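See below for the structure under consideration.
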Amino acid sequence: MSEETVPQQDGGTAQPKGLLQQMEELMAALNADLSALDSDLQSQSAGSTGRTPAEETDAVG
């Protein structure tokens, strides 16, 4: 994580990223991760019986 907080030194010519730009990049990465997770969950639930885990545990107990 230290790479994210320490600006890269390229001969002193590179400007460090602004906080807003860093936050936008992190939010975009988070959004992409959540979209991939949602897609995975949707594909897994398509093959299930349509019951939620709470319903399954109630039926067993």
Side-chain angles (χ1 to χ4, degrees):
M1 188 185 280
S2 62
E3 293 176 9
E4 296 170 352
T5 58
V6 178
Q8 297 294 323
Q9 299 296 325
D10 294 331
T13 59
Q15 293 288 329
K17 293 180 183 178
L19 183 58
L20 180 60
Q21 184 179 355
Q22 289 179 3
M23 291 299 295
E24 288 174 347
E25 290 175 2
L26 288 171
M27 289 300 292
L30 178 61
N31 212 8
D33 288 345
L34 289 174
S35 294
L37 178 61
D38 183 51
S39 177
D40 289 347
L41 290 174
Q42 293 294 328
S43 65
Q44 288 179 3
S45 67
S48 71
T49 61
R51 298 178 68 178
T52 64
E55 291 171 339
E56 290 176 5
T57 56
D58 288 345
V60 173

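The shown structure was predicted, so the numbers you read here are calculated from the model rather than taken from an experiment.
Residues Glu25 and Lys17 share a closest heavy-atom pair of OE1-NZ, 2.8 Å.
Atom CG of Leu30 sits about 9.5 Å away from atom CE of Met23, to the nearest 0.5 Å. Considering CD of Glu24 and CE of Met27, their distance stands at 10.0 Å, rounded to 0.5 Å.
Remark: the backbone N or O of Asn31 is paired with a side-chain donor or acceptor of Ser35 at under 3.5 angstrom.
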